[in-house]
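Working notes, beginning with the structure itself.
Keep in mind that the numbers below use all heavy atoms, side chains included, and drop hydrogens, waters and symmetry copies.
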Amino acid sequence: MAKINNSLIEQAEEKRTLTQYLALPKVKESLMSTFQDTNRVMMFTSSLASAVSTNPALAKCEHGSIVATGLVADALKLSLSPQLGFCYGVPFEQKEKRDKNGDIVQKACVKATFVMGYRGYLQLAIRSGYY
């Protein structure tokens, strides 16, 4: 089965910044259903914007992967702010993948990945009550 690629849509997505992506109605609706509070959504989006502004390599990542990284950090109640050192969004380049016929299954891209810092491990250990 052949995929139909629309280069106009791909170009528009590449030029969109993270704050523009977070302002999209579908993304806002999804975040609102996740957090159920406008203040938490605002804090979440500002922490993502802060993390991207301090690490320009994150700006090259797919926006969905940045949001997913932020959601993991929020689930653990850790700040994604690199100044605190609890956890980080680290960009990893993924190579193009092809199937047996030579068709492109996944394009080459850069995705953000959640990586816990040592201070994050200490924070979780302190919260457990055993440390």
[X]: side chain to side chain donor-acceptor pair (under 3.5 Å) partners, not counting sequence neighbours:
{"X": "R119", "result": "none"}
{"X": "E29", "result": "none"}
{"X": "T38", "result": "none"}
{"X": "T34", "result": "none"}

Partner residues of N39 under the side chain to side chain contact (heavy atoms under 4.5 Å, CB included) criterion, sequence neighbours left out: D37

Could you give the distance from [atom1] ([X]) to [atom2] ([Y]), rounded to the nearest 0.5 Å?
{"X": "C109", "Y": "K60", "atom1": "SG", "atom2": "NZ", "value": "14.5 Å"}
{"X": "S33", "Y": "K28", "atom1": "OG", "atom2": "NZ", "value": "14.0 Å"}
{"X": "S128", "Y": "Q123", "atom1": "OG", "atom2": "CD", "value": "10.5 Å"}

ILVMFWY cluster, I126 and Y118 together (side-chain gap under 4.5 Å):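 Hydrophobic grouping puts I126 with Y118.
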
Looking at every heavy atom in both [X] and [Y], which two are closest together, and how far apart are they?
{"X": "N55", "Y": "G89", "result": "ND2-O, 3.8 Å"}
{"X": "C87", "Y": "A73", "result": "SG-CB, 3.7 Å"}
{"X": "P91", "Y": "C61", "result": "CB-SG, 3.4 Å"}

Within the distance-only criterion (no hydrogens, no angle test), does the side chain of [X] pair as donor or acceptor with the backbone N or O of [Y] below 3.5 angstrom?
{"X": "S30", "Y": "K26", "value": "no"}
{"X": "H63", "Y": "R16", "value": "yes"}
{"X": "T69", "Y": "S65", "value": "yes"}

Using the side-chain contact (heavy atoms from CB on, under 4.5 Å) rule, take S81 and Q83 through it: C-alpha gap first, then chi angles, then the decisive distance, then the call. CA-CA 5 Å; S81 175; Q83 292 88 354; 2.5 Å; yes

For the pair E62 and V110, evaluate side-chain contact (heavy atoms from CB on, under 4.5 Å) and give the outcome as yes or no after the intermediate values. CA-CA 6 Å; E62 288 183 351; V110 180; over 6 Å; no

Using a side-chain heavy atom cutoff under 4.5 Å and only I, L, V, M, F, W and Y, what cluster partners does V41 have? L18, Y21, L22, L24, V27, L31, M32, F35, F44, L48, V52, L58, I66, V67, L71, L80

Is the count of non-hydrogen atoms from other residues, nucleotides or ligands lying under 6.0 Å from Q36 atom CD greater than 12? yes

T17-T19 side chain donor-acceptor pair, cut-off 3.5 Å: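 Yes - a donor-acceptor pair under 3.5 Å links their side chains.
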
Worked verdict on Y121 versus M116 for side-chain contact (heavy atoms from CB on, under 4.5 Å): CA-CA 7 Å; Y121 285 110; M116 182 109 65; 3.5 Å; yes

One pair to check against side-chain contact (heavy atoms from CB on, under 4.5 Å): K111 and E93. What are the steps and the verdict? CA-CA 6 Å; K111 290 189 177 182; E93 188 172 335; over 6 Å; no

